[in-house]
Every structure is written in structure tokens, then in C-alpha cells.
Amino acid sequence: MKPAHLNWIVIGIGDITTRRVIPAIQAEPRSSLYGFVTGHPEKAAPYNTRAWATLDEALSDPAVDAVYVGTPVFLHAPETIQSLRAGKHVMCEKPMAMNEAEARNMLQAAGESGKTFGVAYYRRAYPKVQRAKQLLEAGAIGRPVLAELTSHMWFEGQGSRSWLFDPAQAGGGPLFDIASHRIDVVNFLFGQPLRATGQLSNVVHHYAVEDNATAMIEYAGGVRGMVDVRWHSKVGRDECRIRGTEGEMELSPLNGPDLVYPGGREYLPVHANVHLPLIENFVDAVEGKAPLLSSGATAFWTDWVTERARRSSRET
């Protein structure tokens, strides 16, 4: 397959796209920032490139090769499906969709289009998460039995992230915003989940979405994943540890560089821009050089877990 050069358009000019996505596209040598879809053209002005008011207009340009969907969650499915049907490759922000049904529709559109469809679960590209998977498969802690991940913070929806409190835009609270990343990590390490349950509630903040959530996930071989996320803790936590029959593996903080396991400690820092390895891998996948590290097919299982966690919480 011939080397790719992708003209990217970015839908939405917000916090994540300005800090990470746009710089990653600009830094990736096979990629160009071709333009934006935004209702605020003044935000696009500093980039000295094209701007369209609607996705329809942008997709009508035959020079567009790839679309980064950087809008709130409720727009992920319609914008991804529209872009795939227009014959464009798509990288979508996480979580993939508002629910499992939308996620299935996105997968179907990707399959029918034959285009590359990725979801921005960038922690799969962390060197220490990759290394942890190798060590687990090599038996570093014996038989893995329990993975525990937490993300606790105090969050009041300040500024540009206030939409996260609106279930019509965000789908849910911390279960969608921060648990999704961690559920995806456990799925990456242990494969397709078999069963999932959860509890969601509002303990401190009485938002329209939950202020805390706990998901419990069962995997083949008896591994259990527990992901606990909170927006009401003034003690910040970013823990990830995996217990096995013969030892433990410590990745805390998950966003830090340290990986500790029986007989070893490794220092494996993340890239300065965590989106760049994901964009590089995406272009590799378009070129046929590498499998997509975080695909729609893998991201679907995070939405699958999320839906079952919400459903079981409502039933109890």
C-alpha cells in the first residue's frame, strides 16, 4: 500500500483538541491540518486554515481524507457515521457513543465503508501499559485475578467542560468521562469482558449525572476488574494495580511513569503529547503497516460495560 498523507479536519475546537489533538496532527509527518468544522470561526482563525460551519460542507471537499470527531458525546455517533459514509477515515473522541446501540451503528457504518475507524483511548499506547500486558502474559504475577483502578477528583464542571453535567450531551458523569478510559485499559489487558455490573449515585454533588460510579467486570480465566471513579474527592487518586496468585503489579499513578512488579521496576514515561502516538498508529493503520491499537471494535466493549453498569444500578 502506498504511503498515506492524510488531510485532517477537526470537528470542534475545545479543550482536548487545542491542547492535544491539533498539535498531534501538526506533529505527525504524514498528516496535515486541513481545516475545522466549528460554529465559532474566530477559534479557527489563529490556525490560518479552512473553516466550515457545517460537517456537510466540509465532507463535500474531496481533499478531506480523515475526520477527528472532537465534539460532545451525543454528536459522536451521527458525525462519525456521516463521515464514514462520505468515505472518510475517522478518529472519534471517547467514549465512543451515548449507548451500546449507537456504538453498534458506528461499527456497522465503519464495516460498510471500509474506512479506518479509531477511538481516542490513548492509554493503550502508554509504554508502561504495553509493557504490563507483556509481563502479565509472561506470568510475572502468576495468574492475574484482580485489577483495581480508581480515578478520584473534585470536579464542579468549570468553564468549557460544563457540558459534562448535561446527560443529554455527555451521556453520564464520571462513568463516561473518566471510567471509560480505565475500563478500556482493563479490556486491553484482559480481553473481551464476559459480564459487568455497576453502581452509580450522587453522594455530594446533586448533578443531573452521577457524581460517582463503580463498575465490576468479569473476564475469561477468572480475572475481575473493579473501576471506581468519583468527582467528589478532594484527595486525588489515579491508581492502577493488578493482583495475581504470585504477586502484584503496580502502575499507580496510571498517568505516571512507574511500573513495579515482582523482581522489577521500570521507568516508562508517556509521550509529552499523549495523542501523538495514537495519531501515528492511526496513520500506520491506514497505510496497512500496523493494526489499529484503539479501534471502534475494541472501544465498543467499553460502551458495552458502561451500559450494563448503568442498567444494573437502576435495577437495584
Side-chain angles (χ1 to χ4, degrees), residues 15-16 19-20 72-73 93-96 119-129 132-133 146-165 167 170-190 193 196-205 207 209-217 223-243 248-260 268-270 274-275 278 294 298-299 301-310 313:
D15 178 56
I16 294 296
R19 286 192 297 116
R20 295 178 180 169
V73 184
E93 255 308 318
K94 62 83 206 168
M96 181 171 168
V119 179
Y121 284 119
Y122 54 79
R123 285 173 178 79
R124 287 182 176 237
Y126 280 11
K128 77 172 185 183
V129 173
K133 187 174 176 70
L146 180 63
E148 300 171 286
L149 292 87
T150 64
S151 181
H152 297 173
M153 64 181 72
W154 186 269
F155 180 58
E156 295 177 328
Q158 303 87 343
S160 64
R161 287 168 60 81
S162 60
W163 64 270
L164 289 166
F165 289 153
L175 179 64
F176 276 60
D177 183 44
I178 50 181
S180 60
H181 270 297
R182 285 146 186 89
I183 293 166
D184 185 74
V185 166
V186 191
N187 289 348
F188 175 66
L189 295 175
F190 300 113
T197 59
Q199 292 292 325
L200 288 66
S201 63
N202 291 81
V203 175
V204 177
H205 303 301
Y207 305 137
V209 295
E210 79 281 356
D211 76 349
N212 73 96
T214 309
M216 188 167 71
I217 314 154
V223 180
R224 179 174 298 150
M226 294 177 62
V227 177
D228 187 85
V229 292
R230 296 175 185 272
W231 278 349
H232 59 221
S233 176
K234 293 187 177 179
V235 178
R237 291 186 177 87
D238 180 31
E239 300 161 318
C240 176
R241 65 183 59 86
I242 303 163
R243 306 184 192 276
E248 298 184 6
M249 183 179 293
E250 183 70 58
L251 290 84
S252 303
L254 179 59
N255 290 318
D258 295 311
L259 173 62
V260 182
L268 299 165
V270 301
V274 292
H275 269 72
L278 210 59
S294 179
T298 59
W301 290 101
T302 294
D303 281 34
W304 185 91
V305 168
T306 299
E307 183 135 323
R308 277 148 187 79
R310 298 177 80 192
S313 183

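What's counted below: heavy atoms across the whole structure, side chains too, no hydrogens, waters or symmetry copies. It should be emphasised that the depicted structure is a prediction, and the values quoted were computed from it without experimental measurement.
- Of the N and O atoms on the side chains of Asn255 and Asp238, at least one donor lies less than 3.5 Å from an acceptor on the other residue.
- No side-chain heavy atom of Phe190 sits under 4.5 Å from any side-chain heavy atom of Val185.
- Around CE of Met153, the count of heavy atoms belonging to other residues, nucleotides or ligands within 6.0 Å exceeds 12.
- Judged by distance alone, the side chains of Asp228 and Thr214 do bring a donor and an acceptor atom under 3.5 Å apart.
- Interatomic distance, Glu148 CD to Glu250 CD, rounded to the nearest 0.5 Å: 9.5 Å.
- The residues Arg310 and Glu210 are annotated as not salt-bridged, no charged nitrogen and carboxylate oxygen being separated by less than 4.0 angstrom.
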Next item on the list: Verify side chain to side chain contact (heavy atoms under 4.5 Å, CB included) between Tyr121 and Thr302, making sure each step is shown before the conclusion.
Entry: CA-CA 10 Å; Tyr121 284 119; Thr302 294; 3.4 Å; yes

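- In this structure, Arg123 CZ and Ser294 OG are separated by 11.5 Å, a value rounded to the nearest 0.5 Å.
- Residues Thr150 and Glu239 have side chains that bring a donor and an acceptor to within less than 3.5 angstrom of each other.
- Within the 3.5 Å criterion, the main-chain N or O of Phe176 finds a donor-acceptor partner in the side chain of Ser180.
- With hydrogens and angles ignored, the 3.5 Å screen pairs a side-chain donor or acceptor of Ser233 with a backbone N or O of Val235.
- Nearest heavy atom pair, residue Ala120 against residue Leu278, reads CA-CD2, 3.4 Å.
- Using a cut-off of 4.0 Å between Lys/Arg side-chain N and Asp/Glu carboxylate O, Arg124 and Asp184 are scored as salt-bridged.
- Distance CD/Glu248 to CG/Leu146: 9.0 Å, rounded to 0.5 Å.
- A 4.5 Å side-chain heavy-atom check between Arg230 and Phe155 finds every atom pair outside the cut-off.
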Next item on the list: Could you check Leu189 against Ile242 for side chain to side chain contact (heavy atoms under 4.5 Å, CB included), going step by step and ending with a plain yes or no?
Entry: CA-CA 10 Å; Leu189 295 175; Ile242 303 163; 3.7 Å; yes

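- Taking the side chain as every heavy atom from C-beta outward, Thr306 and Pro95 never approach each other to under 4.5 Å.
- Checked by atom type and distance alone, the side chain of Lys128 pairs as donor or acceptor with a backbone atom of Gly256 at under 3.5 Å.
- For Arg241, the CZ atom is densely surrounded, since the number of other residues' heavy atoms within 6.0 Å is greater than 12.
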Next item on the list: Go through Ile183 and Ile217 one step at a time and tell me if the side chain to side chain contact (heavy atoms under 4.5 Å, CB included) criterion holds.
Entry: CA-CA 9 Å; Ile183 293 166; Ile217 314 154; 4.1 Å; yes

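- Using the six-membered ring where Trp is involved, Tyr207 and His205 have ring planes that are parallel, under 30° apart on the 30 and 60° scheme.
- Between His181 and Lys94, the closest side-chain pair of non-hydrogen atoms falls below 4.5 Å.
- At a threshold of 4.5 Å between non-hydrogen side-chain atoms, the residues Val229 and Asn212 do not count as touching.
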Next item on the list: I would like to know whether Val119 and Glu93 meet side chain to side chain contact (heavy atoms under 4.5 Å, CB included); could you show each step before the answer?
Entry: CA-CA 6 Å; Val119 179; Glu93 255 308 318; over 6 Å; no

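- Panel note: side chain Ser313, backbone Ala309; no donor-acceptor pair is recorded below 3.5 Å.
- When side chains are defined from C-beta on, Leu254 counts as touching Arg182, because their heavy atoms get closer than 4.5 Å.
- Put simply, the side chain of Asp211 gets close to the backbone of Val203: a donor and an acceptor are under 3.5 Å apart.
- A heavy-atom distance below 4.5 Å is found between the side chains of Trp154 and Val204.
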Note to self: Before you tell me yes or no, could you show the steps for Trp231 and Phe165 under ring pair (Phe, Tyr, Trp, His ring centres under 6.0 Å), namely the whole-Å CA-CA distance, both residues' side-chain angles and the distance that decides it to 0.1 Å?
What the structure shows: CA-CA 11 Å; Trp231 278 349; Phe165 289 153; 5.6 Å; yes

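- Side chains of Val274 and Tyr126 form a contact here, defined as non-hydrogen atoms less than 4.5 Å apart.
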